[in-house]
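Proteins come first, then strands; the chains are lettered A, B, ... in the order of their sequence lines, and each starts at number 1. Computed over heavy atoms, backbone and side chain alike; hydrogens, waters and symmetry mates excluded.
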2 protein chains.
Amino acid sequence: MTVTLADVAARAQVSPATVSRVLNGNYPVASSTRERVLRAVDELDYVLNGPASSLAAATSDLVGILVNDIADPFFGIMAAAIQSEIGGPGGRAGGERLGVVCNTGGSPERELTYLTLLQRQRAAAVVLTGGAIEDTAHAGAVAAKLRRLTEAGTRVVLCGRPPSPEAPEAIALTFDNRGGGKQLTEHLIGLGHRRLGYIAGPEERTTTRHRLEGHRAALDAHGIEDDPRRTVHGRYDRRSGYEATLELLRRDPSLTAVVVANDTVALGACAALRDSGLRIPDDVSVAGFDDLPFSIDAVPALTTVRLPLSDAGARAGRIAMGREEPPPGGIATVRGELMVRGSTGVPRD
Amino acid sequence: MTVTLADVAARAQVSPATVSRVLNGNYPVASSTRERVLRAVDELDYVLNGPASSLAAATSDLVGILVNDIADPFFGIMAAAIQSEIGGPGGRAGGERLGVVCNTGGSPERELTYLTLLQRQRAAAVVLTGGAIEDTAHAGAVAAKLRRLTEAGTRVVLCGRPPSPEAPEAIALTFDNRGGGKQLTEHLIGLGHRRLGYIAGPEERTTTRHRLEGHRAALDAHGIEDDPRRTVHGRYDRRSGYEATLELLRRDPSLTAVVVANDTVALGACAALRDSGLRIPDDVSVAGFDDLPFSIDAVPALTTVRLPLSDAGARAGRIAMGREEPPPGGIATVRGELMVRGSTGVPRD
DNA sequence: AGCGCGACAGCAAGCGCTTTCTATCTCTTG
DNA sequence: CAAGAGATAGAAAGCGCTTGCTGTCGCGCT
């Protein structure tokens, strides 16, 4: 048998109520009593029964963090930052919460399932990270779930994800993907490039769309025609970047620059260019996005847009814990910073 | 008020017991009744109360995954694999479990706290990944916790972590770090290197120690003296690799090869060498460990030891779910595979 | 001296589910 | 055709905790 509150109470010669109060510290208890109780807890090696506690108190100490791909440092970094603000001994005592990260793998069903599971656990808060899927039905279902969660007292925070008009209660910390994409392409145009390829992420994703829109806005602003054949979609992985680059090169060998969905994909693009006998940036410039840790180690180092992943995550975590005021209007835009490095240069000839 | 089982029962005109049985599917229910219940569930948009359910059933559907650094793909990849086997809609219906990853940040206290939190939640299983901290007191405390968890019916699996003699109930899938380290150094020795630097991970970590032991075993086997000045310890990050390399070079500029704790650190080492005007592998060969996705994109591509992170994680996940037999004796060693690539070559002159 | 009040401690009523034990009812089977 | 075997459904007793409500003191006031 495991030790229960009652066992501790018996040992400390007090009522279960008192033990509960000592443990929760939300009610006056004489210090002598408290000590007696704590000693008993220690001696019996008592561990609170979470489910029972959550049931009785109608709240739990779970905080869910949804990520699209936990193996991707983009999410890993955010998740680490969020979790560090959420609990365990990282935060100060009192609100000892269990920050749990759930990997949706980018699948709509899994996203919904996790949300349900979290709702079932009566989570204290939920943080959704990264781009959303742009499917009306799915977006509606998610919004409905978020609304339900909010109603049930769960705090909902979006981190690096655009606000949902259908779930306005959710606090949103959005990345300025459009602005970042624009900066990147403008940088390239400024260097003199006119024939730019674009390797986009998966379709139907807000992140993909926004970055691409920024790119197009830049082209447009400089009167460069946007040839649709110069854009290729793919997954957010290295392999995809490799293949997309080959495809782009096949379609138009005269490209002088390639703007890529993110750094991971950009690495694949670089590999494809090298394997095609092209030098970076002499023959083709390459630009990534996110500024993940390894990007500076690419050879040449990747020009990219740095997103303050860690800061944004930490802030989202604090908001989720109710430890920081939400931004006015419930929405804040987080900007990226253009990092010009060796992978971009003036076009050949 | 949120919807309860009783509400559903009323609506479906059955008893709460029947609703529970329909939901759990562990008791015969006439299909007409089942349908009526399911319809009611749907109409009322009912979501089970997890804590109540866990309390009554004395089990929960939580599975904890402890990682040292969630921002590190090494852990991210394992966590993704474990989680994919654990639940959400990834697995087949029935065992819908919430796989939650907890980031200890390599801190002993956080590790223990998370273990307690999971114990409190009456987790169904716990998977500990990555190297353990070699501190007698802490190891003892962890072992004690694991024993308690096991006693309480929580399945405990170690993935990429050596078995603990004090907690023999835990199933262990260990990486052959020693063997991998040895292979790497032997490869270098085979190429003709005699003055090898070694950049180790943090001290007091099993992974660090084992890889280093493998390195030394190889040196020893070939009669090469192990000059302690050729070994530097550091953290598992890029920065640390950069600094350690500079230090190594300062101590002995005649080094012709550097064996590094892992790929991330190796990237930093490469950067330091480049910044020092040394070519890889012409002047100095570099070898990493783990074969993370970006390692092949380093220039030159990193020679390293590939660990089947994903496979091992998946297997650990299945074992944790009781869906696969544990290895005989509860311990299995997972070997790495030497990947020879461009970053290692014959020594100069 | 009599009261009121603050500071503690305990009682007991749930929280929403699971599950054992029982009660029916419908079929087989001898 | 009676009786035992299944197949279903319900009643009710918790699971271990939290918390509103009741005491019970001891003490400062009037």
Side-chain angles (χ1 to χ4, degrees), chain A residues 1-38 40-41 44-62 96 116-117 119-124 152-153, chain B residues 1-38 40-41 44-62 94 96 117 119-124 152-153:
Chain A
M1 232 345 254
T2 54
V3 183
T4 72
L5 235 211
D7 299 332
V8 176
R11 172 135 198 161
Q13 310 196 64
V14 296
S15 72
T18 301
V19 177
S20 169
R21 287 168 178 145
V22 168
L23 261 24
N24 290 299
N26 52 8
Y27 193 86
V29 172
S31 60
S32 64
T33 312
R34 185 200 324 286
E35 275 181 30
R36 202 141 34 86
V37 170
L38 291 179
V41 165
L44 296 178
D45 208 1
Y46 170 69
V47 174
L48 190 68
N49 181 317
S53 165
S54 299
L55 171 59
T59 65
S60 95
D61 47 7
L62 233 60
E96 199 149 279
T116 303
L117 246 27
Q119 180 184 1
R120 173 178 301 182
Q121 300 296 333
R122 306 299 188 251
Chain B
M1 231 345 253
T2 54
V3 184
T4 71
L5 233 212
D7 299 331
V8 176
R11 172 137 197 158
Q13 310 196 65
V14 296
S15 71
T18 301
V19 177
S20 169
R21 301 206 259 242
V22 167
L23 262 24
N24 291 299
N26 52 8
Y27 193 86
V29 173
S31 61
S32 64
T33 312
R34 187 201 323 285
E35 274 181 31
R36 202 142 32 85
V37 170
L38 290 179
V41 165
L44 296 178
D45 207 3
Y46 170 69
V47 174
L48 189 70
N49 182 317
S53 164
S54 300
L55 171 58
T59 64
S60 97
D61 48 7
L62 234 60
E96 199 149 276
L117 245 28
Q119 179 183 3
R120 175 178 301 183
Q121 299 297 332
R122 305 301 189 248

Q: State whether the distance check finds a donor on one side and an acceptor on the other, under 3.5 Å, for side chain Arg21(B) versus base dT20(C).
A: yes
Q) Do you know which two heavy atoms are closest between Ala40(B) and Arg11(B), and how far apart they sit? A) CB-CG, 3.6 Å
Q. Expressed in angstrom and rounded to an integer, what is the separation of Leu55(B) atom CG from dG16(C) atom P?
A. 12 Å
(Q) Out of the candidates Leu23(A), Val19(A), Thr18(A), only one should pair with Val8(A) under the side chain to side chain contact (heavy atoms under 4.5 Å, CB included) rule; please name it. (A) Val19(A)
**Q.** Nucleotide dT19(D), atom P - distance to CG of Asn24(A) in whole Å
**A.** 7 Å
Q: Keeping the roles fixed (side chain from Ser60(A), backbone from Ser54(A)), state whether a donor-acceptor pair exists under 3.5 Å.
A: no
Q) Starting at the 5' end of DNA chain D, which residue's closest nucleotide do you reach first, Val14(B) or Arg122(B)? A) Val14(B)
(Q) Counting the atoms with a prime plus P, OP1 and OP2 as sugar-phosphate, which does Thr33(B) contact under 4.0 Å by heavy atoms, base, sugar-phosphate, or nothing? (A) sugar-phosphate
Q) Contact class for Asp7(A) (heavy atom, under 4.0 Å): base, sugar-phosphate, or nothing? A) nothing
Q: Check whether any side-chain N or O of Ser20(A) sits under 4.0 Å from OP1 or OP2 of dT18(D), and answer yes or no.
A: yes
Q) Can you find a side chain N or O atom of Ser53(A) that sits less than 4.0 Å from OP1 or OP2 on dT18(D)? A) yes
Q: May I ask you to say what Ala17(A) touches in the nucleic acid, namely base, sugar-phosphate or nothing, with a heavy-atom cut-off under 4.0 Å?
A: base
Q | Atom-pair distance (CD on Gln13(B); C1' on dG10(D)), nearest Å | A | 15 Å
Q) Can a donor-acceptor pair under 3.5 Å be found between the side-chain atoms of Tyr27(B) and the base atoms of dA9(D)? A) yes
Q.
What is the separation between atom CD on Gln119(A) and atom C1' on dG16(C), rounded to the nearest whole Å?
A. 15 Å
Q: Among dT18(C), dT8(D), dC8(C), find the nucleotide with the atom closest to the side chain of Pro28(B).
A: dT8(D)
Q | Partner of Ser53(B) under side chain to side chain contact (heavy atoms under 4.5 Å, CB included), chosen from Thr59(B), Leu48(B), Asp61(B) | A | Leu48(B)
Q | Any Asn49(A) side-chain N or O less than 4.0 Å from OP1/OP2 of dC15(D) | A | no
Q) Under the 3.5 angstrom rule, does the side chain of Arg36(A) hit a backbone N or O of Ala12(A) as a donor-acceptor pair? A) yes
Q. For Asn26(A) and dT19(D), is the shortest distance between a side-chain N/O and OP1 or OP2 below 4.0 Å?
A. yes
Q | Minimum-distance nucleotide to Ala56(A) side chain [options: dC17(C), dT18(D), dA9(D)] | A | dT18(D)
Q.
Counting C-beta onward and ignoring hydrogens, is there a side-chain heavy-atom pair between Val22(A) and Leu38(A) closer than 4.5 Å?
A. yes
Q. Quick one: is dG10(D) close enough that its OP1 or OP2 comes under 4.0 Å of any side-chain N or O from Thr18(B)?
A. yes
(Q) By nearest atom, which of the nucleotides dC11(C), dC8(C), dT18(C) is closest to the Ser15(A) side chain? (A) dC11(C)
**Q.** Rounded distance (Å) that lies between atom C1' of dC15(C) and atom CG of Leu48(B)
**A.** 14 Å
Q: Tell whether Arg120(A) reaches the base of dG16(C) with its side chain through a donor-acceptor pair below 3.5 angstrom.
A: no
Q: Can you figure out which of dC17(D), dT19(C), dT19(D) approaches the side chain of Leu5(A) most closely?
A: dC17(D)
Q.
Please pick, from dG16(D), dT8(D), dC17(C), the nucleotide with the shortest atom-to-atom distance to any side-chain atom of Ala30(B).
A. dT8(D)
